[in-house]
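A note on names: the letters A, B, ... follow the listed sequences, proteins ahead of strands, and every chain is numbered from 1.
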There are 2 protein chains.
Amino acid sequence: MTHEIPTRDALIEAGIALLAEGGPEALTLRRAAARAGVSHAAPAHHFKGLRGLQTAIAIRAFARFNRAMETHRDAAADTPFDRLAGICDGYLAFVDGQLGLFHLMFTAADVDRDDPEFCVESDRAYSILRAGCAPFTGGADLVFEGAVWSAVHGYATLGFTQKRGQAGGENPPPFRDLLRLIVPS
Amino acid sequence: MTHEIPTRDALIEAGIALLAEGGPEALTLRRAAARAGVSHAAPAHHFKGLRGLQTAIAIRAFARFNRAMETHRDAAADTPFDRLAGICDGYLAFVDGQLGLFHLMFTAADVDRDDPEFCVESDRAYSILRAGCAPFTGGADLVFEGAVWSAVHGYATLGFTQKRGQAGGENPPPFRDLLRLIVPS
DNA sequence: GGCCGAAACTTGACACTGTCAAACAAACCC
DNA sequence: GGGTTTGTTTGACAGTGTCAAGTTTCGGCC
């Protein structure tokens, strides 16, 4: 992993680019191969198959996702609420900008979520959130963490980050307002 | 719609069955056609294409989803909290039992969410939730509704209904506990 | 009754997909 | 230098969605 195989890496980046341009449907072994300048069967060698490529992309996506949360958190004002809200902002900014990757990470059926590398990155995501919650609970509190995690994830997947929400034409409320409802005042 | 075309209906039901048995990957125009006992191109005639079939299935799924929420709500104790919690229970029970349909309704890329019939059913779902929220807010409150809707949707899509959650091996907290955090005490 | 037109299908083709087996090349080790 | 592993290509296969063109079937109308 530290010793990157050039073709393997090029295939992952090609896949990310395809995902960004054309959505989940656009990611194809053959297209990624063509874009990386290799033959159509090269991806099947480096990854076990389409599932393997998608898993590899999801792992890299999670790393960027974690970085987005940390960056926004560190840029926020130094209060527990602002830091937690910052994490959520990073979360939602990533979803807004990288919807294809987000879909792969959390909801695509064909990625191996038991892959050890995948688990490392996704566990790290949860631990970032958990650390952001700790000041409010004085330790691990599954209920509070679950509520924040569920709310931000639901907010994102329901499309509240876009202009038009699941409801009618009303503008969605900013997530910060929802968060205030959950955080003990 | 009231005048059901038999083949069209059979194709939808075949698709639902495929989805239940083999997940989203198993739903295929040709397989649905085979199961309905018609030729491989029959679906393309009744629906515009795969997208059309998936949209039709999603519409039917939403109707059942709405029924699940209403049933659970009506079976709950007659307090505002229990009725809202009942709606959420119906929501989560549907996800637990019909994961394939749920995926189609909310997250599948290839369904036409601007379809008028689809909008009718999905709006009805939101209005059920909204009615459940009203006793707490004394009217429409986008923030409160958004928080409940996001939380239950996130709880479901993060896999909290299964034994193993996104976190480590800990058991996920029951949704009722999360809800209590959001509802004004 | 007979016809006609539309609707419900079928048949056949096309391009595209993932996957696999076999071959080939290059590097590396002993 | 020979042999093995690794990276990569070529070619094939079954399966997919979609389209064009036929074929059946059925309902209404003269």
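Nucleic acid contact class of R31(B) (heavy atoms, under 4.0 Å, all strands): sugar-phosphate only. Using a 4.0 Å heavy-atom cutoff across all strands shown, H46(B) reaches sugar-phosphate atoms only and no base atom. Here A42(B) lies in heavy-atom contact (under 4.0 Å) with a base.
In this structure, H40(A) and G37(B) both approach DNA chain C, and ranking their closest nucleotides by distance from the 5' end singles out G37(B).
When the P atom of dC9(C) is taken as reference, atom CG of L11(B) falls 8 Å away, rounded to whole Å. Atom-to-atom, CZ of R30(B) to C1' of dT10(C) comes out at 12 Å; the value is rounded to the nearest Å. Computed from coordinates, the R8(A) CZ to dT8(D) P distance equals 12 Å when rounded to whole Å. The CG-P distance, from D110(A) to dT17(C), rounds to 16 Å in whole Å. Counting to the nearest Å, the P atom of dG18(C) and the CG atom of L50(A) are 6 Å from each other. Remark: P of dT10(C) and CG of L29(B) are 14 Å apart, rounded to the nearest angstrom.
Using a 30° and 60° split on the angle between ring planes, F62(A) and F118(A) fall in the perpendicular class, above 60°.
F94(B) and H72(B) have their aromatic ring centers separated by at least 6.0 angstrom.
Under 3.5 Å, the side chains of H153(A) and Y155(B) contain no donor-acceptor pair of N or O atoms.
Under a 3.5 Å cut-off, the side chain of R83(B) and the backbone N or O of A76(B) do not form any donor-acceptor pair.
At the phosphate of dT19(C), neither OP1 nor OP2 sits under 4.0 Å from any side-chain N or O atom of H45(A).
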